[in-house]
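Below: one structure, written as structure tokens.
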Amino acid sequence: MASTTLESGGSRRRKGTMYEMRRNVWAYAFIAPFFLLFAIFGLFPYLYAFYLSFVTWDGIGGPASQQWVGLENYQQLARDDVFRKSLYNSIWLFVVTSLNLVIALLLAFILNSGLVRFKEFYRAAFFAPIVASSVAIAIIFSTLFGERYGALNYVTGLVGIAPVDWLGSAAWIKPAIALVVIWRYFGWNTIIYLAGLQSINTDLYEAARVDGAGWRQIFFRITMPLMRPVITFTVILSIIGALQLFEEPLLLAGGTASTSPGGTDRAGLTVLVYMYSQAFQYLEFGYAAAMSVALFVIIVVFSFLYYRFLGQEEA
Amino acid sequence: MDDILIPNELSRRRFLKAGAAVGGLGLAACAGFSSEGESTTGGGAAGGAAGGSGTPIPGISNKDIEGKTNITVWFWDAGLKYAVTEFNKTNKKNINVKFVKLGFDDTHQKLLTSLAAGSGAPDVCALEIGLIGGFASKGGLADLKEAPYDGGEFEKDMVPYKWKHGSAQDGRLIAMPWDIGPAGLWYREDLLKKAGLPTDPDEVQKRIKTWEDWFQLGEDLKKKTPKTSLFADAFNDVYIPMVEQQGHGWFDGNKLQFEEKALKPLQRAVEVRKRKIDADIDWWGPEWNTALKKDVFAGMGIACWMQTGLTQSHPEHVGKWRVIKAPEGNYNWGGSFLSIPEQGKNKDAAWEFVKYVCCTKEGQNAIFKATGIFPAYKPAWEDPIYDQGVEFYGGQKTFRLWTEIAADIPGNAVHPSDRQANDILGNEVTKIEQQGKDPAKALKDAETEALKRIKNIES
């Protein structure tokens, strides 16, 4: 590539873009598969979903049965109190499950500190839940969360706490979902943080220690500032992931066969579970598409706000 | 969408999966009361069928055969293979049926997406009663009463309510009735005996003339054996049967029937819960399974397919159950249909196969004998097997009982918004059950919400 650029030199502007493209045809050929696949499996569905948000369609009659309704789906969405409830649930879950970032950061710091032996074992153990199938996880946790015969209530019962109907009551289903989500994803973030910590030059720590800094000072004055880009990355991934929670809330609240999606009083209904019901169970594809567009905008706004106010380096 | 589900609901298929998952039995979706158990491992069938991800079934080819009319059928239970094998051997029109076994959810979901896309649907696809309503809109599935099908001639041979379940509100027959779920009240002979109560089905049937009689039996049982309730969950064992006794679904034409159908059943369920007759354990979940093993409940209101499920997940239960008719009316729970998507290219061949499976004694009984999938086609019931005692029910002649029940169940046509209406009501039912909301108020709220959300319906 370098030699190509050198040769073309000053004549580049005159010969134009087409000429450049022809010269670099092999480079384009090599990157083409990604863009082709992205166009088919990424871009097209996005655009199609955006288009669908302006039609009403039950899918049964094929594409011909789509009817243009303009902004009607969005107007309906603005009035939909179940959508608002699901949005509240999703944001609640995002806020609570961000606890997993704190846990992950502390664990990564400890693992990196040299105080722990068998690091590889812990790394693998923390990461294991990510690899497990969500159906298996849901079956195991719904057994643990059982009101009468569940292990969790048995343990809390030993210290005299009354049994909790984790998955049945409106008050407890969100904490139950959050527990599973935190358990499932803290390992992922731990690994990312650990990688970030390992890239920090140990000279800095040594220098700080020579200057008499304690653990706390090292953590807040050196580790945290240098970890900022990594933290920003994980927070934004968390925003995206948490607002799109689907499998865990769906499975814990009764699965696709549930006659009350989201559980009691829809307390465990997330935006994606609601969207799934609208599209594939009530056959309101247009309305579900409008919901997905709205969720996209919300995620962008959240990510932007975080990035704008907390994620950037202090100038 | 893969089969994301957890044991929590109401059909044979779902139960089988739940049993398989919870009981650690592997995921064979079928094993009837025949000696031929199912195994999804091994086998000679090749994949590569339409749809791509079907599970190969031992002993069944899902390959094209040159020179034959090849058609594809989607269904979620391996039991269909008994009919497919027979049909491929005996049909005179040179048809080769390829059977692709998909998950329960997948079958419906893939059909939906292929209808939406305008291509990719199989020639024949099974549908279940709980999900058929969604496919009732025009343009997706062929009206089997129209030429060239002219399926109307089979109406007289089918259980009447089932015929209605396969029909849209405008009278089109969108799917041919295949199997049904006649239901009744089940009880454990051993547990009632332990409590010194009558156990002979005829005697119990005589005693249970009204729902109140059933509840009193529950109180008697609890007095004698305090650790055993008569049933697990009033909202599954009382509310659903009482609703279904009035016919399935929430619409009469476009008129919503929440209050008229659900008010009494909900009030009875609340009352039963208050009287502490049920064990207050949700159906289908792991808790229910544990309770079943610990004899926490001695009865249930459920359909014939439960036999297959229990035989598989709790073999120690064989011989312990007996069944009587539900008091104050019979009801149905579950069952499926075969449909022919409009996009198919070999509709004649598809129709031949649908007729063989649904509308012949041989087709229906081949599957029934192997799996317990109960025929909606009345002439099939003439087979001597229906008059035999059944080991699972301690020799009780329950197959005949199911036919008697099936002949006497009310029916409704299905509505595209059945599922959504049911979920809206289901949400209010959780509030009644968990938060003590008044049933009348809950039904009002459910109706208000349904009228707001579902287009073109009335109160």
Side-chain angles (χ1 to χ4, degrees), chain A residues 56-66 76 79-82 133-136 138-140 142-150 165 167-171 246-247 250-267 269 276-285 287, chain B residues 1-11 14 21-22 104-105 108-109 112-113 115-119 130-131 134-141 280-282 284-287 289-291 294 296 342-343 416-417 419-420 422-423 425-431 433-435 449 452-455:
Chain A
T56 168
W57 187 36
D58 68 6
I60 301 296
S65 62
Q66 294 164 355
Q76 195 188 336
R79 293 191 304 265
D80 186 344
D81 46 352
V82 179
S133 121
S134 44
V135 176
I139 288 172
I140 289 166
S142 54
T143 309
L144 291 176
F145 283 134
E147 187 185 1
R148 258 155 234 259
Y149 311 114
D165 189 357
L167 302 176
S169 73
F246 176 67
E247 290 170 341
L250 180 79
L251 291 165
L252 290 172
T256 54
S258 171
T259 52
S260 51
T264 299
D265 201 8
R266 300 187 174 116
L269 188 74
Y276 169 79
S277 287
Q278 286 290 347
F280 294 103
Q281 297 181 328
Y282 313 151
L283 311 189
E284 300 273 4
F285 283 104
Y287 191 49
Chain B
M1 205 54 247
D2 229 41
D3 302 329
I4 295 192
L5 49 82
I6 216 167
N8 196 359
E9 235 250 332
L10 18 126
S11 82
R14 290 161 194 184
V22 174
F104 176 82
D105 281 337
H108 296 88
Q109 204 122 47
L112 175 62
T113 45
L115 292 179
S119 73
L131 297 167
F135 295 89
S137 305
K138 275 188 186 155
L141 304 178
D280 192 3
I281 288 173
D282 281 349
W284 311 112
E287 296 267 285
N289 262 287
T290 312
K294 293 185 162 196
V296 172
E342 288 278 23
Q343 355 171 315
S417 298
R419 176 81 193 245
Q420 193 171 4
N422 198 46
D423 283 1
L425 182 57
N427 177 49
E428 289 295 330
V429 172
T430 62
K431 293 191 208 171
E433 195 182 346
Q434 287 281 341
Q435 302 169 347
E449 192 185 331
K452 201 171 86 185
R453 297 182 163 276
I454 305 173
K455 286 162 205 148

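The chains referred to below are lettered A, B, ... by the order of the sequence lines, with proteins before strands, and numbering in each begins at 1. Just so we're clear, the structure is a prediction, and the values are computed from it rather than from any experiment.
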Interatomic spacing from [atom1] in [X] to [atom2] in [Y] - rounded to 0.5 Å:
{"X": "B/Thr113", "Y": "A/Phe285", "atom1": "OG1", "atom2": "CZ", "answer": "7.5 Å"}
{"X": "B/Lys455", "Y": "A/Glu284", "atom1": "NZ", "atom2": "CD", "answer": "4.5 Å"}
{"X": "A/Arg79", "Y": "B/Arg453", "atom1": "CZ", "atom2": "CZ", "answer": "10.5 Å"}
{"X": "B/Glu342", "Y": "A/Ile60", "atom1": "CD", "atom2": "CD1", "answer": "12.0 Å"}
{"X": "B/Lys452", "Y": "A/Gln76", "atom1": "NZ", "atom2": "CD", "answer": "9.5 Å"}
{"X": "B/Leu425", "Y": "A/Thr259", "atom1": "CG", "atom2": "OG1", "answer": "9.0 Å"}

Which heavy atom in [X] sits nearest to a heavy atom in [Y], and how many Å separate them?
{"X": "B/Arg419", "Y": "A/Thr256", "answer": "NH2-O, 2.8 Å"}
{"X": "A/Pro63", "Y": "B/Ala116", "answer": "CD-O, 3.1 Å"}
{"X": "A/Asp58", "Y": "B/Leu112", "answer": "O-CD1, 4.1 Å"}
{"X": "A/Pro261", "Y": "B/Asp423", "answer": "CG-OD2, 3.3 Å"}
{"X": "A/Ser142", "Y": "B/Pro286", "answer": "O-CG, 3.8 Å"}

Considering only heavy atoms and a distance below 4.5 Å, find which of A/Val82, A/Asp81, A/Asp265 pairs most often with chain B.
->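 Answer, by heavy-atom pair count under 4.5 Å with chain B: A/Asp265.
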Could you look at A/Glu147 and say if it's the side chain, the backbone, both or neither that has a heavy atom under 4.5 Å from chain B?
->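 The answer is both parts of A/Glu147.
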Can you say whether A/Thr56 sits under 4.5 Å from chain B via the side chain, the backbone, both, or neither, judging by heavy atoms?
->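 When you check distances to chain B, only side chain atoms of A/Thr56 fall under 4.5 Å.
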Residues which pass side-chain contact (heavy atoms from CB on, under 4.5 Å) with B/Ala291, listed by chain and number, not counting sequence neighbours =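 So B/Ala291 forms a side-chain contact (heavy atoms from CB on, under 4.5 Å) with A/Tyr149, B/Ile281, B/Val296, B/Phe297.
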List for me each residue that meets side-chain contact (heavy atoms from CB on, under 4.5 Å) alongside A/Thr264, sequence neighbours excluded, and say none if there are none.
-> A/Ala170, B/Thr430, B/Gln434, B/Gln435
Identify which part of [X] has an atom lying under 4.5 Å from any heavy atom of chain A, answering side chain, backbone, both or neither.
{"X": "B/Ser417", "result": "neither"}
{"X": "B/Glu433", "result": "neither"}
{"X": "B/Ser119", "result": "neither"}

Sort out for me which of B/Pro416, B/Gly140, B/Gly118 touches chain A most, counting heavy-atom pairs under 4.5 Å.
-> B/Gly140
A/Arg148 backbone acceptor or donor facing B/Glu287 side chain under 3.5 Å |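 Answer holds: yes.
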Please step through side chain to side chain contact (heavy atoms under 4.5 Å, CB included) for the pair A/Leu283 and B/Gln420, ending with a clear verdict.
-> CA-CA 9 Å; A/Leu283 311 189; B/Gln420 193 171 4; over 6 Å; no
